[in-house]
Amino acid sequence: MNRKLMIGGFIVAVICVVGNIWSQCIQKEVDMTEAQYDYYKSYCLTSDDITRVDILSMSTEVGIRETVEHTVVDYKSGELMDYLNYCDSELFIEDYGEFVNITYTSDDQKGILLSYDDEGFLYLVTYDPEEDAMIYLKKDKGTIVKNYMNSIGKIIEIG
């Protein structure tokens, strides 16, 4: 094997390892406290027993589009806004067949993505710019990825 190729491969491997360690030092994933979980849960639909079918029954179809993996049916809903405490924008509802996503902007300017299936709530994802944190909320657990945007910028600078 060519010596230059071996050295080049070694350097690439070292850069990958250092980049991975660096990103883990910058970005930190922590479990939520119960108070944080309750706070972010308030961005979800206020009814705990609402399902994908319920959401679609309160919505009006506005279009169909094809993605690589899914046929997505787009919906709008004014009625569903009554089930959101902090909604400050139009709702965008996408039905993927097995689950439905709802996206909106909250009154404190967070972009909220909610996902529900036929059993009910699946997850919430949002970014909190004040904390520079990506928030993942599931049925029974929440995770906060701290220093989210800053770490992406650092990783891009490295890579």
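All values reported here derive from a predicted model rather than from experimental measurement.
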Glu34, CD: over 12 other non-hydrogen atoms inside 6.0 angstrom | no
What do you reckon, is CD of Glu61 surrounded by more than 12 foreign heavy atoms closer than 6.0 Å?
-> yes
Tell me the closest heavy-atom pair linking [X] and [Y], and the distance in Å.
X	Y	answer
Tyr43	Leu84	O-CD2, 3.6 Å
Ser59	Ile93	OG-CD1, 3.5 Å
Ser115	Phe99	OG-CD1, 3.7 Å
Asp117	Glu98	CB-O, 3.4 Å
Ser42	Asn85	O-ND2, 3.5 Å
Asp140	Tyr37	N-OH, 3.9 Å

Which word best sums up how the rings of Tyr148 and Tyr127 line up, parallel for under 30°, tilted for 30 to 60°, or perpendicular for over 60°?
-> tilted
Hey, is Arg52 close enough to Asp118 for a salt bridge, meaning N to O under 4.0 Å?
-> yes
Geometric cation-pi criterion Lys41 and Phe121, 6.0 Å radius, 45° cone | yes
Side-chain ([X]) to main-chain ([Y]) donor-acceptor, under 3.5 angstrom:
X	Y	answer
Asp38	Ala35	no
Ser77	Met58	yes
Thr126	Gly111	yes

